[in-house]
Amino acid sequence: RTIRLEVARYRPGEDAEPVFEGYDVPLMSDWAVLDGLNYIKDQLDGSLSYRWSCRMGVCGSCGMTVNGEPRLTCGTFLTEYGDGPVRIEPLKGFPVIRDLVVDIDDFLAKLSSVRPWLIREGEELPLTTEYAQTPAQLEAYKQYSMCINCLLCYSACPVYVLDPDFLGPAAIALAQRYNLDSRDMGDRFDVLNLEDAVWGCTFVGECTRVCPKHVDPAEAIQRYKLTAALRSVLPWSKR
Ligand code: FES
């Protein structure tokens with residue numbers, strides 16, 4: 001028994017526009033969409049380009065659009081799609097480099113822009129102090145630290161797809177991962193309190209719905225709106 005995969009093929013600069021090529025791959029009960037792509041690459045067409053690494057939902061590199069939905073292809077089983085076909089495209093909202101590979105430079109720049117490290121003041125290096133945390137203090141930011149940078153939330157976000165300058169769900173959730181850490185002394189107000197940051201979010205919530213790690217970027221964004229509003233009244237307020 002086989003299932004048909006319709007895979008987007010595109011070489012910018014060489015092809016006028018993307019086309020779909022059909023491949024029949026074995027329909028195995030334990031095969032993920034990524035296994036189907038690997039079968040194509042190994043057995044049918046070695047020129048197919050896509051990213052993957054861990055095959056266990058950890059590295060975040062295998063995100064693609066599967067039948068219109070942003071999904072991790074290593075965690076999406078072929079049997080979810082009955083007799084098929086299964087249409088596989090690159091993640092929406094990102095420039096295509098080749099076939100299913102997208103350019104993530106803009107995403108990486110956005111992650112860096114929120115200063116994703118513990119901001120401390122008045123300390124000399126090297127640090128010699130330990131900063132213990134209670135379980136409750138860890139719990140305050142733990143969910144945001146589970147992000148694997150898979151880009152699914154950006155691909156699902158209607159604001160980012162229309163406005164590439166929007167800071168976006170994962171970067172804002174990452175900022176909150178540090179803002180809510182009891183060891184951090186910053187609030188990243190300068191990069192978050194902007195029209196193209198938290199105030200650009202229309203709270204559709206698609207980012208949260210598609211996250212394979214159950215991070216809740218929509219909650220992070222709404223929560224920071226309250227923080228930003230409070231800070232404009234009480235400038236010394238961090239949270
Ligand atoms: Fe690493 Fe899918 S291959 S998350």
Side-chain angles (χ1 to χ4, degrees), residues 2-28 31-113 147-171 206-207 210-212:
T2 60
I3 187 167
R4 189 155 191 85
L5 304 190
E6 297 174 348
V7 183
R9 306 299 307 269
Y10 183 43
R11 274 119 172 107
E14 296 175 35
D15 302 335
E17 56 185 32
V19 295
F20 287 91
E21 274 188 29
Y23 305 92
D24 294 317
V25 305
L27 179 54
M28 317 280 264
W31 271 25
V33 171
L34 179 61
D35 294 308
L37 293 173
N38 286 342
Y39 179 86
I40 295 170
K41 180 91 175 169
D42 292 343
Q43 306 292 332
L44 306 176
D45 186 344
S47 69
L48 179 64
S49 297
Y50 54 101
R51 286 195 183 105
W52 67 284
S53 181
C54 71
R55 212 174 159 191
M56 50 175 32
V58 174
C59 74
S61 66
C62 70
M64 298 171 210
T65 306
V66 183
N67 277 9
E69 279 275 308
R71 303 288 295 265
L72 284 186
T73 52
C74 71
T76 303
F77 287 91
L78 287 172
T79 49
E80 280 186 38
Y81 300 97
D83 294 328
V86 185
R87 182 160 274 219
I88 306 166
E89 301 167 78
L91 286 175
K92 292 186 170 66
F94 296 91
V96 175
I97 294 175
R98 179 167 160 154
D99 294 338
L100 303 167
V101 178
V102 294
D103 186 340
I104 63 172
D105 286 355
D106 176 64
F107 172 72
L108 295 177
K110 286 186 160 99
L111 291 185
S112 302
S113 74
C147 173
I148 58 173
N149 299 327
C150 66
L151 309 156
L152 300 199
C153 58
Y154 280 69
S155 192
C157 172
V159 178
Y160 182 68
V161 170
L162 291 173
D163 174 15
D165 290 333
F166 177 50
L167 184 58
E206 285 294 288
C207 51
V210 301
C211 178

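FYI, the numbering just counts along the sequence from 1. All heavy atoms count here, side chains included; hydrogens, waters and symmetry mates do not.
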**Request:** Measure the CG-CG distance between Asn149 and Leu152 for me, rounded to the nearest 0.5 Å.
**Result:** 11.0 Å

**Prompt:** Is any side-chain heavy atom of Asp35 closer than 4.5 Å to a side-chain heavy atom of Leu78?
**Reply:** no

**Message:** Does Asp42 have more than 12 heavy atoms from other residues, nucleotides or ligands lying within 6.0 Å of its CG?
**Reply:** yes

**Prompt:** Are Tyr50 and Asn38 close enough that some pair of their side-chain heavy atoms sits under 4.5 Å apart?
**Reply:** yes

**Prompt:** Does a donor on one side chain sit under 3.5 Å from an acceptor on the other, for Arg9 and Ser47?
**Reply:** yes

**Asked** Can you check side chain to side chain contact (heavy atoms under 4.5 Å, CB included) on Leu100 and Thr73, steps first, answer last?
**Response** CA-CA 11 Å; Leu100 303 167; Thr73 52; over 6 Å; no

**Message:** For Tyr10, is there any backbone N or O sitting under 3.5 Å from a side-chain donor or acceptor partner on Asp99?
**Reply:** yes

**Request:** Look only at the side chain of Lys110 and the backbone of Leu167, and say whether a donor-acceptor pair between them is shorter than 3.5 Å.
**Result:** no

**Asked** Any chance CZ of Arg51 has more than 12 other-residue heavy atoms, nucleotides or ligands included, within less than 6.0 Å?
**Response** yes

**Fill in**
Between Trp52 and Cys62, the two heavy atoms sitting closest are CB-CB, 4.1 Å

**Item:** Donor-acceptor under 3.5 Å (Thr65 side chain, Pro90 main chain)
**Value:** yes

**Prompt:** Of the non-hydrogen atoms in Met56 and Cys74, which two are nearest, and what is the gap between them?
**Reply:** N-SG, 3.9 Å

**Request:** Examine the side chains of Tyr160 and Asp106 and answer whether a donor and an acceptor come within less than 3.5 Å of each other.
**Result:** yes

**Fill in**
When every non-hydrogen atom of Pro70 is compared with those of Val210, the smallest separation belongs to CG-CG1, 4.1 Å

**Complete:** When rounded to the nearest 0.5 Å, the distance separating OG of Ser53 from CG of Leu34 is 10.0 Å

**Item:** Residue pair Pro18 / Val96, side-chain heavy-atom distance below 4.5 Å
**Value:** no

**Item:** Heavy-atom pair with the smallest gap, counting every atom of Lys41 and Gly46
**Value:** NZ-O, 3.0 Å

**Prompt:** Got Ile148 and Leu72 here, is their nearest side-chain heavy-atom distance under 4.5 Å?
**Reply:** yes

**Request:** Could you grab the distance from atom OG1 of Thr79 to atom CH2 of Trp31, nearest 0.5 Å is fine?
**Result:** 12.5 Å

**Request:** In sequence, state the C-alpha distance, the side-chain angles, and the governing distance for Thr76 and Tyr81, and then conclude on side chain to side chain contact (heavy atoms under 4.5 Å, CB included).
**Result:** CA-CA 10 Å; Thr76 303; Tyr81 300 97; 3.3 Å; yes

**Fill in**
Taken to the nearest 0.5 Å, the spacing of Cys150 SG from Ile104 CD1 works out to 11.0 Å

**Check: Leu44 and Tyr39 side chains under 4.5 Å, non-hydrogen atoms** = yes

**Complete:** Rounded to the nearest 0.5 angstrom, the CD-CD distance for Glu80 and Glu69 is 10.0 Å

**Prompt:** At their closest point, which heavy atom of Gly57 faces which heavy atom of Cys54, and how far apart are they?
**Reply:** N-SG, 3.6 Å

**Message:** For a quick test of reading the model, state the closest non-hydrogen atom pair linking Leu111 to Ala171 and the distance between them.
**Reply:** CD2-CA, 3.8 Å

**Item:** From Ser155 atom OG to Phe107 atom CZ, the distance as rounded to the nearest 0.5 Å
**Value:** 11.5 Å

**Item:** Working for side chain to side chain contact (heavy atoms under 4.5 Å, CB included), residues Val102 and Met64
**Value:** CA-CA 9 Å; Val102 294; Met64 298 171 210; over 6 Å; no

**Prompt:** Among Val33, Ile40, Thr2, which one satisfies side chain to side chain contact (heavy atoms under 4.5 Å, CB included) with Val25?
**Reply:** Ile40

